[in-house]
**Q** 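Below is one structure. I have some questions about it.
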Amino acid sequence: MNLKNMTKSLIAMVCATSALFGSEEMAVRLNGCKGPVLCSSFPLATPEEDCCQLWHVDAGLLYQQPGFADMNAGEAYQTQFAVTDAAGAFVDQTIYKLYQCFDYELGLTVSLGHLSKHDYWYFGARFDWMSTSTGTKTFDDVNREYKAVPGFDTDVLPLTIFSLTDVWTKVNYNANVDFYSLDVMLSRGAYLSRCYSFEPFAGVKVVWFDNKQVVNYFNSTIFTAGNYGIYDVKQQNWGAGVMFGFNGEYHITEGISLFSDSDVAVLYGESKETAKSIITKGGATGTGSTITTDRVITAKNDLDCQYFVPVRSILGVKLATYCLDDQHYLAVKLGYDARSIISYTNTSRGYVMSGLYANFIWDF
């Protein structure tokens, strides 16, 4: 091949390569991003100009059912001598654990972030909050008798009128919980293909969750003048540590996509628990004794070296659009959100929450 033909071939290859990379550079992703495959998954309409979307704000609702470990009002069983055999002996029993749960409740999620134009790193913070109560639940079936939870220390209360062989005929239960979570993260999004973007991130997670249970136990035969038993237990838990996560988005068509947001963390913190077993003051029949002041036993269980492992995953659909000359990006995320906080050192310190996730996004 002579020099002239070699020169023509080289020019043709350069032109073809330039056209290929030029078309890739100008390709528009389904979220509006322009650029090569490794462009940010953050929605940039025109990343080479100053009018691209650099600020992110979102606010949403969590309609979810929370719960924590050991939500228990005691045990229920048949009245022992409701039915007797010929000798009046014990009858077979079926014991029912009185485990409790919360109803679905509204919570809040908000976040704020900023996209740096230096290689399109995204820095953001997210805050979640949930607070709810069971209200008062009553158990007073005439065909049932009730046993208190194991933590109710009636065996050490100095009473001549009460022992572990006594039963309760009525139980009132109430619980409440407050949950807070703060995530601070740094991420860098990218496109794996024209339709699928992914965004790994890392940062710091901090959680607080406090819960309280109050169980009132009544027996009208033993305590007829105002006495009753109370089991009052309160927990205060917190942890902080490193977090890792991965967000993915598959674009079905322009403005419609499926998303998944997941993260896991390892937290170090504290858990403090105060449990009180109380017999209230009042008169008592059958013994002639009177309790003139509350009888209280307090048990404290403070764990200074507490490890928590939070895990969270959100799956759903995202609807998005650009408006006002592509200078504003609006989106709505709807999905199912499930999270669990596992206590490595004490299983009675766990927390769960799951349900509907609805988030409204504005990038500008």
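None of these values were measured; they are calculated from a predicted model. Residues: numbered from 1 along the sequence shown.
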**Q** Rounded to the nearest 0.5 Å, how far does OG of Ser181 lie from CZ of Phe127?
**A**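 Reported to 0.5 Å precision, the distance equals 8.0 Å.
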**Q** Going only through I, L, V, M, F, W and Y residues with side-chain contacts under 4.5 Å, is there a path from Leu319 to Phe360?
**A**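 Yes: a chain of side-chain contacts under 4.5 Å links Leu319 to Phe360.
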**Q** Show your working on side-chain contact (heavy atoms from CB on, under 4.5 Å) between Val204 and Val242 and close with a plain yes or no.
**A** CA-CA 5 Å; Val204 175; Val242 295; 5.7 Å; no
**Q** From Thr134 OG1 over to Asn176 CG, what is the distance, rounded to the nearest 0.5 angstrom?
**A**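 Here the interatomic distance stands at 7.5 Å.
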**Q** I'd like to know whether the aromatic ring centres of Tyr217 and Trp168 sit less than 6.0 Å apart in this structure.
**A**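 So the answer is yes for these two rings.
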**Q** For the residue pair Phe364 and Trp362, is the inter-centroid distance of their aromatic rings smaller than 6.0 Å?
**A**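 Yes; Trp362 has its ring centre under 6.0 Å from that of Phe364.
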**Q** Please report the shortest heavy-atom distance between Ala76 and Leu98, naming the atom on each side.
**A**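 Looking at all heavy atoms of both residues, the closest pair is CB-CD2, 4.1 Å.
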**Q** Quick one, Asp263 with Arg126, criterion salt bridge (charged side-chain N to carboxylate O under 4.0 Å, His left out). Give me CA distance, side-chain angles, the key distance, then yes/no.
**A** CA-CA 13 Å; Asp263 65 75; Arg126 176 176 59 194; 3.5 Å; yes
**Q** Output yes when Lys272 and Asp210 qualify as a salt bridge under the 4.0 Å nitrogen-oxygen rule, no when they do not.
**A**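 The answer is no: the pair does not qualify as a salt bridge.
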**Q** Give a yes or no on whether Leu108 and Met130 share a hydrophobic cluster (residues Ile, Leu, Val, Met, Phe, Trp, Tyr; joining criterion: side-chain heavy atoms under 4.5 Å apart).
**A**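 No, because Leu108 and Met130 fall into different hydrophobic clusters, even though each may have its own neighbours under 4.5 Å.
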**Q** Do Asp141 and Tyr146 have side chains that approach each other closer than 4.5 Å (heavy atoms only, starting at C-beta)?
**A**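 Sidechains of Tyr146 and Asp141: in contact.
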**Q** Search all heavy atoms of Ile279 against all heavy atoms of Gly229 and return the closest pair with its distance.
**A**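 Ile279 and Gly229 have their closest heavy atoms at CD1-CA, 3.9 Å.
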**Q** So, applying side chain to side chain contact (heavy atoms under 4.5 Å, CB included) with Asn211, which one of Val177, Val233, Asp178, Asp70 is it?
**A**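 Answer to the side chain to side chain contact (heavy atoms under 4.5 Å, CB included) test with Asn211 among Val177, Val233, Asp178, Asp70: Val177.
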**Q** Could you state the interatomic distance from CD (Glu270) to CG (Asp302), rounded to the nearest 0.5 Å?
**A**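 Here the interatomic distance stands at 8.0 Å.
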**Q** Checking Ser348 against Asn346: is there a side-chain donor and acceptor pair closer than 3.5 Å?
**A**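 Checked: Asn346/Ser348 side chains pair up, N/O donor to acceptor below 3.5 Å.
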**Q** Under 6.0 Å from the OH atom of Tyr250, do we count more than 12 heavy atoms belonging to anything else shown?
**A**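 It does not: Tyr250 OH has 12 such atoms or fewer within range.
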**Q** Would you kindly say whether Glu273 and Gln235 are connected by a side-chain donor-acceptor distance under 3.5 Å?
**A**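 Result is yes, a qualifying pair exists.
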**Q** Without hydrogens or angle criteria, can the side chains of Glu199 and Ser187 be said to hold a donor-acceptor pair below 3.5 Å?
**A**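 Per modelled atom types, Glu199 and Ser187 side chains form a pair under 3.5 Å.
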**Q** Quick one about Gln236 and Ser271 (side-chain donor to acceptor, distance below 3.5 Å, no hydrogens or angles considered), yes or no?
**A**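 Ser271 vs Gln236: no donor-acceptor pair found between side chains.
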**Q** Would you find a donor on one side and an acceptor on the other, under 3.5 Å apart, between the side chain of Gln213 and the backbone of Asn72?
**A**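 Here the side-chain-to-backbone pair exists.
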**Q** Residues in side-chain contact (heavy atoms from CB on, under 4.5 Å) with Tyr357, at least two apart?
**A**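 Result, side-chain contact (heavy atoms from CB on, under 4.5 Å) vs Tyr357: Leu62, Thr109, Phe259, Arg312, Ile314, Lys333, Asp337, Asn359.
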**Q** Apply the test side-chain contact (heavy atoms from CB on, under 4.5 Å) to residues Ile256 and Lys318: give CA-CA distance (whole Å), side-chain angles for both, the deciding distance (0.1 Å), then the verdict.
**A** CA-CA 6 Å; Ile256 303 177; Lys318 177 181 175 182; over 6 Å; no
**Q** Can the ring centroids of Phe179 and Tyr351 be said to lie less than 6.0 angstrom from one another?
**A**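 Under 6.0 Å, so yes.
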**Q** Check whether the side chains of Glu249 and Ser257 place a donor and an acceptor atom closer than 3.5 Å, and report yes or no.
**A**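 Yes, because at least one side-chain N or O of Glu249 sits under 3.5 Å from a partner of the opposite role on Ser257.
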**Q** With a cut-off of under 6.0 Å to the ring centre and 45° to the axis, is Lys137 in cation-pi contact with Tyr173?
**A**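 Because its charged atom misses either the 6.0 Å distance or the 45° angle limit, Lys137 does not stack over Tyr173.
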**Q** Side-chain heavy atoms under 4.5 Å apart, restricted to Ile/Leu/Val/Met/Phe/Trp/Tyr: what other residues fall into the cluster of Leu324, or is it alone?
**A**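 None, because no other hydrophobic side chain comes under 4.5 Å of this residue.
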**Q** Can you find a heavy atom in the side chain of Met243 that is under 4.5 Å from one in the side chain of Asp183?
**A**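 Yes, close enough: below the 4.5 Å cut-off.
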**Q** Quick one: do Lys170 and Asp140 make a salt bridge, cutoff under 4.0 Å?
**A**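 Here Lys170 does not pair with Asp140 in a salt bridge, since their nearest N and O are not under 4.0 Å apart.
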**Q** Once you round to the nearest 0.5 Å, how far does CG of Leu112 lie from NE2 of His114?
**A**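 Here the rounded value is 10.0 Å.
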**Q** Which one of Phe308, Trp129, Trp238 satisfies the ring pair (Phe, Tyr, Trp, His ring centres under 6.0 Å) criterion with Phe209?
**A**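 Per the ring pair (Phe, Tyr, Trp, His ring centres under 6.0 Å) rule, the option paired with Phe209 is Phe308, out of Phe308, Trp129, Trp238.
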**Q** Go through the steps for Tyr104 and Gln65 under the test side-chain contact (heavy atoms from CB on, under 4.5 Å), then give the verdict.
**A** CA-CA 4 Å; Tyr104 280 82; Gln65 184 179 43; 3.9 Å; yes
**Q** Ile341 vs Val309, test: side-chain contact (heavy atoms from CB on, under 4.5 Å). Steps then yes/no.
**A** CA-CA 6 Å; Ile341 299 179; Val309 180; over 6 Å; no
**Q** What are the two closest non-hydrogen atoms of His56 and Tyr122, and how far apart are they?
**A**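 Heavy atoms only, the tightest pair is CD2-OH, 3.3 Å.
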**Q** Are Val264 and Met185 connected, step by step, through hydrophobic side chains (Ile, Leu, Val, Met, Phe, Trp, Tyr) whose heavy atoms are closer than 4.5 Å?
**A**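 Val264 does not cluster with Met185.
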**Q** Mind checking whether Val207 and Phe201 sit in one hydrophobic cluster, side chains of I, L, V, M, F, W, Y counted as touching below 4.5 Å?
**A**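 They do not share one cluster, since no chain of ILVMFWY contacts under 4.5 Å joins Val207 to Phe201.
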**Q** Any chance you could measure Ile278, atom CD1, to Ile230, atom CD1, to the nearest 0.5 Å?
**A**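 Those atoms lie 5.0 Å apart.
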**Q** Are Val149 and Tyr96 linked, directly or through intermediate hydrophobic residues, by side-chain heavy-atom contacts shorter than 4.5 Å (ILVMFWY only)?
**A**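 No, Tyr96 and Val149 fall in different hydrophobic clusters.
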**Q** What are the two closest non-hydrogen atoms of Arg349 and Ala69, and how far apart are they?
**A**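 Shortest heavy-atom contact: N-CB, 4.3 Å.
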**Q** Are the aromatic ring centres of Tyr268 and Tyr344 under 6.0 angstrom apart?
**A**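 Tyr268 vs Tyr344: aromatic centres not under 6.0 Å.
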**Q** Does the side chain of Arg339 come within less than 4.5 Å of Ser354's, by heavy atoms?
**A**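 Sidechains of Arg339 and Ser354: no contact.
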**Q** Could you tell me which non-hydrogen atom of Tyr231 sits nearest to which non-hydrogen atom of Ser277, and how far apart they are?
**A**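 Looks like CD1-OG, 4.0 Å.
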**Q** Could you state the interatomic distance from OG1 (Thr132) to CG (Leu106), rounded to the nearest 0.5 Å?
**A**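 Output value for this atom pair is 9.5 Å.
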**Q** Minimum heavy-atom separation for Phe139 and Ala73, please, with both atom names.
**A**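 It is CE1-CB, 4.1 Å.
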**Q** With a 4.5 Å heavy-atom cut-off, do Val184 and Phe123 have their side chains touching?
**A**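 They are in contact (side-chain heavy atoms under 4.5 Å apart), so the answer is yes.
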**Q** I'd like to know if the side chain of Asn172 pairs up with that of Thr136 as donor and acceptor (distance under 3.5 Å, no hydrogens or angles considered).
**A**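 Thr136 and Asn172 do not have a side-chain donor-acceptor pair below 3.5 Å.
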**Q** Do Lys300 and Thr274 get their side chains close enough for a donor-acceptor pair, meaning under 3.5 Å?
**A**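 A donor-acceptor contact under 3.5 Å links the two side chains.
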